[in-house]
K.L.:
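Got a structure for you, written out below as structure tokens; questions coming shortly.
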Amino acid sequence: MHILVTNDDGVLSPGIMALAAALRRLGSVTVLAPDHNWSAAGHNKTMHKPLRVESRRLADGSPALSSNGTPSDCVALAVLGVVPEKIDLVVSGINAGPNLGQDITYSGTVAGAMEATINGLPAMAVSLACFDSDAGYDTAAEMAASVAEVAMAVGLPEGTFLNVNVPPGSPAEVRGVCLTRLGRRVYRDVLLERKDPRGRPYYWIGGDPPGGEPEPDTDIWAVENGLVSVTPIHMDMTAYRVLENAQAWQDRLTGALRRERQA
């Protein structure tokens, strides 16, 4: 098996090195990751400037490739031919910090997995639910390799990838692994206004770290209880509950259009 590894923290982050090392027990690994941090970049794709790819070495001496593009760009570059070997699996991470609930809409780590899924490849996003760099990248990497092995054996439905969040700590401190659904994040953002030297206002979006509602069977609940959360995410974001009431919507929309034409 040939595995492509990317991330959003940059090619020199400790998380990507630990992940690549753990995945080598499953097959060959190619690292192609951004040359700088793209945290919270979302599914950002470069369309209006050239992209470059350079050879690098990770801290353990293993070879890697870096790009000036986003995590999504890195996956696209690999799939479109920068990496000539057939890719069987894409794993994005290990992110420094969790990607739970609505975090997935912001996450560059998750965007790497999304881009792979769009291109028809099995994919995973992996995050360590802690910002302490010494809190368990090796544990998260081993857990990710185990989940990847199971995912490839069982198979993923078309258009689906896995969002994996690993609690901090040693393997002995991890209480288990469970399939989960997305929880509901609670953000505590505040707007901070400052003045530049010329007296003009500028702004920072700050605040305390996000919380969440730990409802049973959610990713937030799992991590808070020391469990590795494995959430299947489908790219079809259609709100099917709205479509169940489609006739009422259609009648009202048709009436609104008729009134607009008569106005």
Side-chain angles (χ1 to χ4, degrees), residues 8 38-48 70-73 75-76 79-80 90 92 95 97-127 129 147 151 154-165 178-191 203 205-224 227 229-263:
D8 76 351
W38 281 92
S39 293
H43 200 170
N44 188 334
K45 200 165 184 180
T46 302
M47 303 297 292
H48 303 293
T70 67
S72 301
D73 292 329
V75 174
V79 171
L80 293 173
V90 176
S92 183
N95 190 66
N99 279 305
L100 302 165
Q102 298 98 313
D103 292 346
I104 69 167
T105 64
Y106 300 107
S107 169
T109 301
V110 174
M114 283 185 175
E115 185 67 21
T117 304
I118 289 170
N119 283 278
L121 294 172
M124 294 168 42
V126 184
S127 302
V147 173
V154 176
L156 289 173
E158 183 179 356
T160 302
F161 67 92
L162 300 178
N163 185 42
V164 180
N165 282 272
C178 62
L179 282 180
T180 56
R181 58 189 174 91
L182 288 177
R184 182 178 180 274
R185 271 300 211 187
V186 176
Y187 295 103
R188 305 186 179 101
D189 295 344
V190 295
L191 187 64
Y203 304 92
I205 297 176
D208 295 328
E213 298 178 0
E215 297 178 3
D217 303 323
T218 64
D219 51 0
I220 295 170
W221 169 87
V223 168
E224 285 195 5
L227 300 166
S229 165
V230 181
T231 307
I233 306 292
H234 199 282
M235 294 297 292
D236 181 356
M237 292 181 278
T238 304
Y240 287 99
R241 291 181 64 182
V242 175
L243 292 181
E244 292 172 2
N245 197 28
Q247 191 58 54
W249 276 87
Q250 190 63 49
D251 292 344
R252 289 175 178 271
L253 291 170
T254 300
L257 177 60
R258 186 181 297 115
R259 290 191 296 273
E260 182 67 23
R261 287 175 174 171
Q262 293 172 349

K.L.:
So, taking the atom named CD1 in Ile104 and the one named CG in Asn163, what distance separates them when rounded to the nearest 0.5 Å?
P.N.:
6.5 Å
K.L.:
Show your working on side-chain contact (heavy atoms from CB on, under 4.5 Å) between Asp219 and Leu182 and close with a plain yes or no.
P.N.:
CA-CA 6 Å; Asp219 51 0; Leu182 288 177; 3.5 Å; yes
K.L.:
Taking the side chain as C-beta and beyond, is there a heavy-atom pair between Trp221 and Leu227 under 4.5 Å?
P.N.:
yes
K.L.:
Tell me if the CD1 atom of Ile205 is crowded by more than 12 foreign heavy atoms within 6.0 Å.
P.N.:
no
K.L.:
For Pro71 and Asp8, which heavy atoms make the closest approach, and how far apart are they?
P.N.:
CG-CB, 3.5 Å
K.L.:
What pair of heavy atoms forms the shortest contact from Ser92 to Gly112, and how long is it?
P.N.:
OG-CA, 4.2 Å
K.L.:
For the residue pair Leu156 and Ala123, what are the closest heavy atoms and their distance?
P.N.:
CD1-O, 4.0 Å
K.L.:
How close do Arg185 and Ile220 get, counting heavy atoms only, and between which atoms?
P.N.:
N-CD1, 4.1 Å
K.L.:
Considering all heavy atoms of both residues, which atom of Asp103 and which atom of Pro98 are nearest to each other, and what is their separation?
P.N.:
OD2-O, 3.7 Å
K.L.:
Find the distance between CD (Glu260) and CZ (Arg258) and round it off to the nearest 0.5 Å.
P.N.:
13.0 Å
K.L.:
Looking at Thr180, Asn99, Thr218, Asn165, which hits side-chain hydrogen bond (donor to acceptor under 3.5 Å, both in side chains) with Thr231?
P.N.:
Thr180
K.L.:
What do you reckon, is CZ of Arg261 surrounded by more than 12 foreign heavy atoms closer than 6.0 Å?
P.N.:
no
K.L.:
Do Thr70 and Asp73 meet the criterion of a side-chain donor-acceptor pair at a distance under 3.5 Å?
P.N.:
yes
K.L.:
Could you tell me the separation between the CG atom of Leu162 and the OG1 atom of Thr117, rounded to the nearest 0.5 Å?
P.N.:
9.0 Å
K.L.:
Do His43 and Ile118 have side chains that approach each other closer than 4.5 Å (heavy atoms only, starting at C-beta)?
P.N.:
yes
K.L.:
Measure across Phe161 and Met114 and return the closest heavy-atom pair with its distance rounded to 0.1 Å.
P.N.:
CE2-CG, 3.6 Å
